[in-house]
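Okay, so here's the structure we're looking at.
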Amino acid sequence: MDQEQKNKEKRKNVDLTTQEWLQFFFFPTSSGSNFFPTKDHNDHEFERFKKFGFDKKQKQARYAQICGFIFYFMVFVIVVKLIDTYLIV
């Protein structure tokens, strides 16, 4: 096995760094709009992961995004419940 193949195999099994994981968790959606159709950082990272063969990073990034959606949904539910509880007259 030559050095290039060894590097490809290592790339497939590299974990996300803590900073990357938190980025996908706290910003799970694209930030582009219809007026400014720009790709956000997460989309560029997914393209890079695919281009360079970071399979494990792709899976972990999707998992972090799902966790981020669940987190924001739970925050929304809690805020609505608190508003409902304390603002009913």
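Positions are given from 1 along the sequence.
- Rounded to the nearest 0.5 Å, atoms CG (L16) and CD (Q58) are 10.0 Å apart.
- Heavy-atom contacts from other residues, nucleotides or ligands closer than 6.0 Å to CD of E4 number 12 or fewer.
- The minimum heavy-atom distance between P28 and G68, with the atom names listed, is CG-C, 4.2 Å.
- Annotation: Y63, atom OH; neighbour count of heavy atoms from other residues, nucleotides and ligands within 6.0 Å does not exceed 12.
- V75 and I70 end up in different hydrophobic clusters when Ile, Leu, Val, Met, Phe, Trp and Tyr side chains are linked at under 4.5 Å.
- Separation of atoms CD (E45) and CD (Q23) is listed at 6.0 Å; rounding is to 0.5 Å.
- When hydrophobic clusters are built by joining Ile, Leu, Val, Met, Phe, Trp and Tyr residues whose side-chain heavy atoms come closer than 4.5 Å, directly or via intermediates, F27 is not grouped with F76.
- Looking only at side-chain heavy atoms (C-beta outward), K50 and D55 stay at 4.5 Å or farther from each other.
- Aromatic ring pairs are classed by plane angle as parallel below 30°, tilted from 30° to 60° and perpendicular above 60°; the pair F25 and F71 is tilted.
- Looking at Y86, its side chain never comes within 3.5 Å of a backbone N or O of K81 through a donor-acceptor pair.
- The two residues N42 and Q65 have their closest heavy-atom pair at ND2-NE2, 4.0 Å.
- Residue R48 holds its CZ atom at 13.5 Å from CG of D43, rounded to the nearest 0.5 Å.
- At least one side-chain heavy atom of V14 sits under 4.5 Å from a side-chain heavy atom of K57.
- One distance of note links OG1 of T17 with CG of L22; it measures 8.5 Å at 0.5 Å rounding.
- The distance from atom CE of M74 to atom CZ of F69, rounded to the nearest 0.5 Å, is 16.0 Å.
- Taking every heavy atom of both residues into account, W21 and Q60 meet most closely at NE1-O, 4.1 Å.
- At distances below 3.5 Å, not a single donor-acceptor pair connects side-chain atoms of E9 with backbone N or O atoms of K6.
- Side chain of N13 to main chain of K56: no donor-acceptor pair is present (N/O by atom type, distance under 3.5 Å, no hydrogens or angles).
- Taken to the nearest 0.5 Å, the CZ atom of F52 stands 15.5 Å off from the NZ atom of K12.
- Geometrically, R62 does not engage F24 in a cation-pi contact, judged by NZ or CZ lying under 6.0 Å from the ring centre and within 45° of the ring axis.
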